[in-house]
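See below for the structure under consideration.
Just so it is clear, the structure is predicted and the values come from calculations on it, not from any experiment.
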Amino acid sequence: MRRISAVVLSRAWSAFLVGVGVWSWIIWPRFAVAIWRDPRAWSGDTPTSFLWVHAVLIAASLAIGTTVGVLGIRGWRAAS
C-alpha cells in the first residue's frame, strides 16, 4: 500500500489561487450579463445555441474558480 503524503502550498501560491478565484467571480458574471444582452443570444424569446454554449462556459468557469479559491484558502490555512 502506498502512503499518500500531504502537500502544503506556500502562502504566495495560496494567495495566487485565492486571487484567481476572486477574479473569476468578478469577471464571469459581468460576461454573463453581456452575453444575455447580446442579440445573438436570442431568436425572438428563444435562447440560441450561442447563449447555451456561453452559459455552460460561464458555469464551468465559476465552478473551477470557486474550487481554486477554496483550495487557496485551505492552502493558506495549512501554511500557518
Would you be so kind as to tabulate the donor-acceptor pairs closer than 3.5 Å made by side chains of residues 13-25, with sequence neighbours excluded?
unit_1, atom_1, unit_2, atom_2, d
Ser14, OG, Ser10, O, 2.9
Ser14, OG, Trp76, N, 3.2
Ser24, OG, Val20, O, 3.1
Trp25, NE1, Thr66, OG1, 2.8

Would you tabulate the side-chain donor-acceptor contacts of residues 49-58 under 3.5 Å, counting partners in other chains and residues two or more places apart, or write 'none'?
unit_1, atom_1, unit_2, atom_2, d
His54, ND1, Phe50, O, 2.7

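Shown here are the salt bridge (charged side-chain N to carboxylate O under 4.0 Å, His left out) partners of Arg74, two or more places apart in sequence or in another chain: there are none.
In this structure, Thr48 contributes its side chain and Ser43 its backbone to no donor-acceptor pair below 3.5 Å.
The hydrophobic clustering, which links ILVMFWY residues whose side-chain heavy atoms are closer than 4.5 Å, places Ile64 and Phe31 apart. Val68 and Ile73 fall into different hydrophobic clusters, where Ile, Leu, Val, Met, Phe, Trp and Tyr are joined by side-chain heavy atoms under 4.5 Å apart, directly or via other members.
Residue Trp42 comes nearest to Trp36 through the heavy atom pair NE1-O, 2.9 Å, listed as atom of the first residue, atom of the second, then distance.
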